[in-house]
Undergrad: 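One structure, as structure tokens, below. Some questions next.
Labels below follow one simple rule: chain letters A, B, ... track the order of the sequence lines, proteins then strands, and each chain is numbered from 1.
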Number of protein chains: 2
Amino acid sequence: MVPAGRRASKAFRSVTSRETEKRSWGMDRFVSTFTNKIDAKGRVSIPASFRAVLERDGYAGGLYCYPSLDASALDAGGERLAKKIDGLLAGLPDYSDERDELSVALYGDVQVLTIDGDGRIVLPESLRVHANLDAAVTFVGLGDKFQMWEPKAFEERRKEARSKVQVTRKLFAAGGRSSEDDGDEGARE
Amino acid sequence: MVPAGRRASKAFRSVTSRETEKRSWGMDRFVSTFTNKIDAKGRVSIPASFRAVLERDGYAGGLYCYPSLDASALDAGGERLAKKIDGLLAGLPDYSDERDELSVALYGDVQVLTIDGDGRIVLPESLRVHANLDAAVTFVGLGDKFQMWEPKAFEERRKEARSKVQVTRKLFAAGGRSSEDDGDEGARE
DNA sequence: TCTAATCCCATGCGATCCCATATATGCCCG
DNA sequence: CGGGCATATATGGGATCGCATGGGATTAGA
């Protein structure tokens, strides 16, 4: 079905030759961080590069989104993420307490958000509350999925992660990569 | 879809031998939670997305509904749920006490509710009492079925479920995954 | 005939669609 | 090598549509 339909095609059709390079590493995983505004109607634009990933991920008309279990943030992703959750439940016996609880915590909290023709979503009240979102959202790529944070809150979180980043950088340094790619603030973990 | 507007539910003996076993729950699974009001006549609107699921679940004009076995809530679903119950009973030895009890507990209290042209149902007194429903109902998607809770009661249940899942999750983490941001890195299919 | 359940229509609010604008980035061409 | 045109994304706002909800009309049941 791909309701992304009309408008979307325009947005994604570009993919010109020189983009290929970017695509090789950036199109199949959520990477980097972006901060977009929430407008008066509660809409937020999903970063274009994330949308591209969703497309490749077998995006079937919706973005799966739910409150992070251990942080004031939201987790989101496409089919790949959905299957993962499904698989987790599939392993548990029907009508077991364990399954019921997991079901409530996962299925019950999951929202299937539709992406409009302009690449935006509307965050339901419950989700916005969980992540304390009001004026803006910071999208953080995490590979198979991405998170949405309240900008300030993410800054805090990022500081905490700083130490680990140090370790990571050393590994990269050994490999020889230094100056960063593209895009934006180049801030990622 | 049958967006044909309100009434369209009437004669829907529509068949459906089990559709394609598509694994994406966008349309064939009950997900998310919604809270709707009960009006003066005792009617409640079933969330539109749930109705869509019921229609493709081989919904034959009625909604199977019965008191949850272990909670003050109601379980409901379409054909798929009915089959699942059958399967569950089939797994137990015939003539066992366990089976008898379950049969009575499940089949005995099952109500087949009709959905009116506007997508609403009327909950029988007995069911309303079991779940302490009065002014509003919280619909909770659980994949193959969904539950109906008294809003306040569900909040409690949700908190409980989430805290328990925290524990479950730690077990998963301990089993071979980084403890932090549960990066699903290497886990795609 | 009276009461209760069902049907049908009306309405309000929120969600969605579509178009317009702004800002950044790249590209072509002089 | 620099300026202007083309493209893409983000954002704003108006117009619409769908859904939840309410209430009157109608039918069924006692």
Undergrad: Using the test side chain to side chain donor-acceptor pair (under 3.5 Å), find all partners of Ser126(A) that sit at least two apart in sequence or belong to another chain.
TA: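 Partners of Ser126(A) under the side chain to side chain donor-acceptor pair (under 3.5 Å) test: none.
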Undergrad: If only side-chain N and O atoms of Thr114(A) are considered, is one of them under 4.0 Å from the OP1 or OP2 phosphate oxygen of dA15(C)?
TA: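 For Thr114(A), the contact criterion (side-chain N or O under 4.0 Å from OP1 or OP2 of dA15(C)) is not met.
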Undergrad: For Arg128(B), which residues count as a salt bridge (charged side-chain N to carboxylate O under 4.0 Å, His left out) partner, sequence neighbours excluded?
TA: Glu125(B)
Undergrad: Kindly write out the residues that satisfy ring-ring contact (aromatic ring centres under 6.0 Å, His included) with Phe34(B), not counting sequence neighbours, or none if the list is empty.
TA: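 With neighbours one apart ignored, the set is Phe50(B).
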Undergrad: Could you give the CZ-to-C1' distance, from Phe34(A) to dA10(D), as a whole number of Å?
TA: 12 Å
Undergrad: What protein N or O atoms touch nucleotides 13-15 of chain D N or O atoms at under 3.5 angstrom, if any, and at what distances?
TA:
from, atom 1, to, atom 2, distance (Å)
dG13(D), N7, Arg43(A), NH2, 2.9
dG13(D), O6, Arg43(A), NH1, 2.5
dG13(D), O6, Arg43(A), NH2, 3.2
dG14(D), N7, Lys41(A), NZ, 3.2
dG14(D), O6, Lys41(A), NZ, 2.0

Undergrad: Report the residues that fulfil side chain to side chain donor-acceptor pair (under 3.5 Å) with Asn132(B), sequence neighbours left out, ordered by chain and then residue number.
TA: none
Undergrad: Using whole Å, report how far CG of Asn36(A) lies from P of dG12(D).
TA: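 The distance from CG of Asn36(A) to P of dG12(D) comes to 11 Å, rounded to the nearest Å.
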Undergrad: For Asp116(B) and dC9(C), give me the distance from atom CG to atom P, rounded to whole Å.
TA: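 Atom CG in Asp116(B) sits about 13 Å away from atom P in dC9(C).
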Undergrad: Does Tyr64(B) reach the side chain of Asp75(B), with side-chain heavy atoms less than 4.5 Å apart?
TA: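 Side-chain contact under 4.5 Å: no.
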Undergrad: Rounded to whole Å, how long is the line connecting atom NZ of Lys37(A) with atom P of dA22(C)?
TA: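 After rounding, the reported distance stands at 13 Å.
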Undergrad: Roughly, in whole Å, what's the span from CD1 in Ile38(A) to P in dA10(D)?
TA: 15 Å
Undergrad: Please give, in whole Å, the distance from dT21(D) P to Ile121(B) CD1?
TA: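 Roughly 12 Å, once rounded to whole Å.
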Undergrad: What is the separation between atom CD1 on Ile115(A) and atom C1' on dT9(D), rounded to the nearest whole Å?
TA: 15 Å
Undergrad: When the distance from CD1 of Ile46(A) to P of dA8(D) is rounded to whole Å, what number comes out?
TA: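 About 19 Å, once rounded to whole Å.
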Undergrad: Mind checking what makes salt bridge (charged side-chain N to carboxylate O under 4.0 Å, His left out) contact with Asp109(B), not counting sequence neighbours?
TA: none
